[in-house]
Structure formats: structure tokens, C-alpha cells
Novice: 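So that we are looking at the same thing, I have put the structure below in C-alpha cells.
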Amino acid sequence: MSNIQTQKSDVKIESSSKDTDNTSAKRVKRPLSLDDVLTNELGFGWFQLRNIFLVAIPILVSPFANEYVFSAAAIPHRCRIPECGEVGKAHKYDPKWILNAVPSTSKGFDSCHRFAPLYIESNGTLGYCPANLFDNTTTIDCEAFVYANNNTVVYEFDLGCQNWLRALAGTLNSIGTLLVLPITGYISDRFGRRIALIISVLNLGAIGLIRAFSVNYTMYLILQILQTTLGAGTYSSAYIFVTELVGPKYRVLISATSSSLLGLGQMTLGGVAWLIPPWRTLLIALHIPCFFILFYFWKLSESLRWLLSKNKHSEAKEILLTIARVNKKNISEKSLNALLQEKEHDVVPSQSAGPGLVRSILNSSVLRRRVCITPIWWITSILVYYGLSINSTGLSDTMHLNYILTSAIEIPGYYTTVIVLDNVGRKTTLSSCYLVCAICNIAFVFIPNEMTATRLIIYLMGKFSISTVMPSMYLYTSELYPTEYRHTFLAFSSMVGRVGSIVAPLTPVLKEYWHGIPSFMFASMAMLSALLVFTQPETRGLKMPDSLAEAEAIGRSAFTVNKKAVQHTEIKQS
């Protein structure tokens, strides 16, 4: 009897499932997606490679706004001693008599204090300054400074012993990167990826050149935040531009390549700063290449996904045919018609229609949770990424080499994502890398300074781990949000994440209180993010969602990708 009831129940469930499938099939108005056409008809060829090559220069120059790491770097300094004939900033930094006038420390001599003068009638000279001119039992703060070199704004604008003011350059740089993201996201989603990219690159170059002629530190700081506010959207614009051009099969590779170009740009920054120490000349040399985009911007094609999402069918058709011609492929008339037809209203309307974006998020627990969690990943990744880069300059005396090494280790980290993301998935990759990064940062605190090689290896392992996180996080975030608002959501997550980049330039100053504070800060945030990754669905092998409804359905719908078609079947829960 129970078997008969079970069979009847099975029949009902099967029937219900078929009915649901039929209903879902009726709801799907566009069974053929751009991902499907890119995968099965247009492929990956010279058209995509050409566009990647064209955006390579914008990606390479995008980290150049971070040159404050060198132009506002701390330089050795000490108190100026007028009793011994010093009247300017350019005297010898460590004359033989210096310990007669300045207290000694474990690192040599004090940078911010000196012995109080006795104000006796006789004075010393630059070559002879006896100890009897000073009271070695009383110290006073420096009134003026002498510097070891004259290549940074610290010397130019006399910022000795004002570490927090000096670090303000990096903080304002990061605030600018926070402010730029909603601006760039709006321009990109409203006027197109191509326009957003060109505007960002030209702003980056123009304001960077003007900053080279700053007449005081206030002007330098104002131009710093202005440059990043108007130009730091270069990388996000370029990333969206190239990622939307390919299908799921090549998305991870393109993400890793874009991030590797960013790492190469940072290595270039370190190398140019090493070759051109004067900060004004450095700024000019770094920002002139930004204007190269003027020679080829007309060659850049607008994002197909953006054109289709805006129903710009004539432009989209032209690009589709161009891709087919350049890649030596054929696109069927049926596929063209399917992609270019006007979007019809589904039986269940998209959540983006009517109530608006913000209200749709508030009405959706899934999207609301996503919007709260993804920015935490970004805060952690950006804090640790930039924090390790900035603090690397203090690993040894060779500041530029340290920066280049920590940038170079990013490239194998980025391409590691190509191997692991599609094999083990987004969630496992992100959580594992966050955890390894946390362990490396904790271990680094307890390794003695004398073990230089071991410290460097552990430090680079931590940077390698967070470098693997960066492209994975970019890709994962992009896959969780829909085409119509992808840049807006990505920009929002990155914007909130810039809290990490605001804090990162201040972390070296925290070492004055205890050397382990920055590393423990990085480790704790990495552990928190590792846990939060598991609250989101896996997106490996899924098509990029085109609407808010599709984005919300990830993880609880049949969202499959195969060689013939990309179909989305929404299953309503009774």
C-alpha cells in the first residue's frame, strides 16, 4: 500500500516538474545568449586579441597614480644644527661630529630631536662642532632639518618628522579611487565602456603632468586626489571592456591577463622610479604615455554586451559582423536575429523594471546579502594588496627592488587563477588564498629580522596569495551581478573596498607603535573574508547573468552552459 502511495507521489512530482519546465520554457524569450554565440560561432580570435592589445597601455599606466610610494617616500633626516654653521637643508647628513649634537639610537642617531644648545659665545663650523656647545642631558624637538637626499617631496616641502602628513598623499590617493568609482560606473553604464576608458586615461595623464609642477605640498595633495577622482577608473573600465568581449571559456584567462598587465605596470613604475629619482621628472616620464591612446582610440570597439543591453542594435550588428570577419568565422542569420531582437517583457518581469535598482535590491534578500558581503572581500583584498606593496619598501635598503619583487610575484599569482578557478571553483580558490595569506602574515611577525631571506620568502608568499585573490574576486564579483548594472555593482564593491586603500598608506606609520600591527591587521581581515566567501553561490561554468532576475537566481536555479545553448530555467518553490 505504501509502495503504491509512493509511486503516485512520484508521478505527481514528475508531472509537477514537467509543468514547471513547460512554464519556464514559455518564460524564456531569448534562449540564445551572447555567451552562446561567442562560444559556438564567433570564438576567440584576432578581434579579441587586438582589443586586448589596445587596452594594454591603459592598464599598464593605471598604477602610475600610485607613484606617491616613491615621490612621497620617507627619506633619512635629522635636526639642522645652526650652531655649527648649517643654514639650509642640503648639508652633509652624517658628519663626523653629529653625535655631539644629536642623541644616538639603535638605528644610528635621532631623526626628530637634538641636544639643547648652551648658547655660549663660541660656535662650531661645518667641519668642527664640539660637544661642549650642547647640553647632552636635555633634548628638544627639531626646528629645521637636513636630509640625506633631495629626490622626494619630503625634501622639497620640508616634511621631516611629519610622517602622518607625508602619508596623507597615499590616503588622499585612495579617497580619490573611492570617489571615482561611482562616476566611472555611471559613465560606463550610461554612455559606454569605450567613453569611460578614454576619459579616465586622459584625465590620469593630464592631471599627473600638472602635478609635476606643484609649487607647494597643498597643491601636490589637491592634485593627487583630483587625479585619482577623475582618472583612477582606468583599470576597472579596461577590465570590464575586455571581459565582456569573451565567452565563459576564456573569461578567467582574460581576467588573469588584465591583472598581469597591472602587475607589469607596477613593475614598470618601480623601474622608472629607480632610473629617474627626481620626483618631478618621474611624474612627467610616467604620465606622458597616457596620451598614446589619442593615436588609436577610434580603433576601439564598444562593448557588445553594453550595446545589446541598451538595444543599440545597428552598432551591435556591425560589431558582430566585424568579429566574424576578423576571426574568420560565420554567424548565422538566426543567431543575429535572436541577439538583436527587442527585449520582450517576460511573464515574470525583471526586477530591474519599475521599482528601480535600489528598491529592487532592498526587495531581494539574495541581492541584498551580496551587496553587503562583496564589499568586505574588496576591503580585505585591497587593504592587504596595497598594504603589502607599500610596506615592502621597508623590507631592506633597496626600496625599488623590493617593490619590483612584490609586484613581479603577482604575475604567477594571477595565472594560477587560470589553473585553479575552472578546476576547483571560485569559492574554494578565494577562501584558500585568503587563509594562506593570513597564515603568512602571522608567521612574518615572528621571524627575526636577521633571517632576511626567510622573511622575504614568507612576505612574497603572502603577496602571491592575495594576488591570486585579486583577479578571482574581480571575476567572481562580475559573475554575481547582471550585465545591465554590472559595472555599477562592481564599482560599488570596489568603491567601498577603497576603505582598504585609504588605510593601507597609514600602516607603515603604525609600525612605530609595534612592528606587528600591520601584519596582524592583514591576517584578521583575510580570515574574515575566507569565511564570508562560503555565503555566496558557486558560479563556475555558468553564463554571465543579463538581468537582475537571472543574477538573483544563481545558486537556486538550473543555470547551465553547454555547447549548443545557454538556457536559464527558473524553478518556483511552492
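Position 1 is the first residue of the sequence, and the numbers go up from there.
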Novice: Between E315 and K310, does at least one N-O distance fall below 4.0 Å, as a salt bridge requires?
Specialist: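 Judged by the 4.0 Å cut-off on N to carboxylate O distance, E315 and K310 do not form a salt bridge.
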
Novice: Could you walk me through whether V469 and I466 pass side chain to side chain contact (heavy atoms under 4.5 Å, CB included), step by step?
Specialist: CA-CA 5 Å; V469 165; I466 203 64; 4.2 Å; yes

Novice: With a 4.5 Å heavy-atom cut-off, do I240 and S303 have their side chains touching?
Specialist: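 They are not in contact (no side-chain heavy atoms under 4.5 Å apart), so the answer is no.
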
Novice: If you measure from OG1 on T171 to CG on L165, what distance do you get to the nearest 0.5 Å?
Specialist: 10.5 Å

Novice: State, to 0.1 Å, how close M470 and Y385 come at their nearest heavy-atom pair, and which atoms those are.
Specialist: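 So the two residues come closest at CG-CD1, 3.8 Å.
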
Novice: Does C440 reach the side chain of V436, with side-chain heavy atoms less than 4.5 Å apart?
Specialist: yes

Novice: Would V180 and T228 count as a side chain to side chain contact (heavy atoms under 4.5 Å, CB included) if you check the C-alpha gap in whole Å, the side-chain angles of each, and the deciding distance to 0.1 Å?
Specialist: CA-CA 7 Å; V180 71; T228 49; over 6 Å; no

Novice: Is V69 close to S389 at the side-chain level, that is, under 4.5 Å between some pair of heavy atoms?
Specialist: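 Not touching, per the 4.5 Å side-chain cut-off.
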
Novice: For the residue pair H287 and F64, categorise the inter-ring angle as parallel (less than 30°), tilted (30 to 60°) or perpendicular (more than 60°).
Specialist: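 It falls in the perpendicular class, over 60°.
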
Novice: Counting only heavy atoms from other residues, nucleotides and ligands, does the tally under 6.0 Å from CE of M461 exceed 12?
Specialist: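 Check fails, neighbour count at 12 or below.
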
Novice: Quick check: do I57 and I293 have side-chain heavy atoms less than 4.5 Å from each other?
Specialist: no

Novice: Any luck finding a side-chain donor-acceptor pair between Y220 and S71 under 3.5 Å?
Specialist: yes

Novice: Side-chain contact, heavy-atom cut-off 4.5 Å: L269 with Y403?
Specialist: yes

Novice: What is the distance from atom CD1 of I225 to atom CD1 of I207, rounded to the nearest 0.5 Å?
Specialist: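 Atom-to-atom, I225:CD1 and I207:CD1 are 11.5 Å apart.
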
Novice: Is it true that a side-chain atom of T428 and a backbone atom of G425 form a donor plus acceptor pair closer than 3.5 Å?
Specialist: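 No: the side chain of T428 does not pair with the backbone of G425.
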
Novice: Out of L197, I195, D189, which one pairs with R193 under the side chain to side chain contact (heavy atoms under 4.5 Å, CB included) rule?
Specialist: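 One option only clears the test, and that one is D189.
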
Novice: For N441 and F522, indicate whether the former's side chain and the latter's backbone hold a donor-acceptor pair under 3.5 Å.
Specialist: no

Novice: Does any N or O in the side chain of W306 come within less than 3.5 Å of the main-chain N or O of S188, such that one atom is a donor and the other an acceptor?
Specialist: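 Yes, the answer is positive, given that a donor and an acceptor are paired below the 3.5 Å cut-off.
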
Novice: Test your reading of the model: is there a side-chain donor-acceptor pair from T535 to the backbone of L532, 3.5 Å cut-off?
Specialist: yes

Novice: If I compare all heavy atoms of A438 with all of M527, which pair ends up nearest, and what's the gap?
Specialist: CB-CG, 3.7 Å

Novice: Hey, mind stepping through L300 and N51 against side chain to side chain contact (heavy atoms under 4.5 Å, CB included) and telling me if it holds?
Specialist: CA-CA 7 Å; L300 291 169; N51 278 273; 4.3 Å; yes

Novice: What are the two closest heavy atoms between L304 and A316, and how far apart are they?
Specialist: CD2-O, 3.7 Å

Novice: Under a 3.5 Å distance rule, please check whether R194 uses its side chain to pair with a backbone N or O of F297 as donor and acceptor.
Specialist: yes

Novice: Check whether any side-chain heavy atom of Y235 lies under 4.5 Å from a side-chain heavy atom of P63, and answer yes or no.
Specialist: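 SC-SC contact between Y235 and P63 ruled out.
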
Novice: Any chance you could lay out the side chain to side chain contact (heavy atoms under 4.5 Å, CB included) test for L230 and Q227, step after step, and finish with the verdict?
Specialist: CA-CA 6 Å; L230 299 178; Q227 182 186 22; over 6 Å; no

Novice: Indicate the atoms forming the closest heavy-atom contact of T468 with C433, along with that distance.
Specialist: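 So the two residues come closest at CG2-SG, 3.5 Å.
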
Novice: Is a donor on one side and an acceptor on the other found under 3.5 Å between the side chain of N173 and the backbone of A65?
Specialist: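 Yes.
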
Novice: Got L528 and T380 here, is their nearest side-chain heavy-atom distance under 4.5 Å?
Specialist: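 L528 does not reach T380 side chain to side chain.
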
Novice: Look only at the side chain of R426 and the backbone of Y476, and say whether a donor-acceptor pair between them is shorter than 3.5 Å.
Specialist: no

Novice: Okay, side chain of T507, backbone of A504: is any donor-acceptor separation there less than 3.5 Å?
Specialist: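 Here the side-chain-to-backbone pair exists.
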
Novice: Within the 4.5 Å heavy-atom criterion, are Q48 and I254 side-chain neighbours or not?
Specialist: no

Novice: So does L388 get a backbone contact from the side chain of Y459, meaning a donor-acceptor N/O pair under 3.5 Å?
Specialist: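 It does hold such a pair.
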
Novice: Using 0.5 Å steps for rounding, measure from the OG1 atom of T184 to the CG atom of L179.
Specialist: 10.5 Å

Novice: List the atom of A408, the atom of M267, and the distance in Å for their closest heavy-atom pair.
Specialist: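 Here A408 and M267 meet closest at CA-SD, 3.6 Å.
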
Novice: Quiz question: by atom type and distance under 3.5 Å, do the side chains of Y239 and S259 form a donor-acceptor pair?
Specialist: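 S259 and Y239 do not have a side-chain donor-acceptor pair below 3.5 Å.
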
Novice: Distance alone, cut at 3.5 Å: any donor-acceptor contact between the side chains of W378 and T477?
Specialist: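 Present: a donor and an acceptor within the cut-off.
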
Novice: When rounded to the nearest 0.5 angstrom, what distance separates CG in L221 from CZ in R211?
Specialist: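 Rounded to the nearest 0.5 Å, the CG-CZ separation comes to 9.5 Å.
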
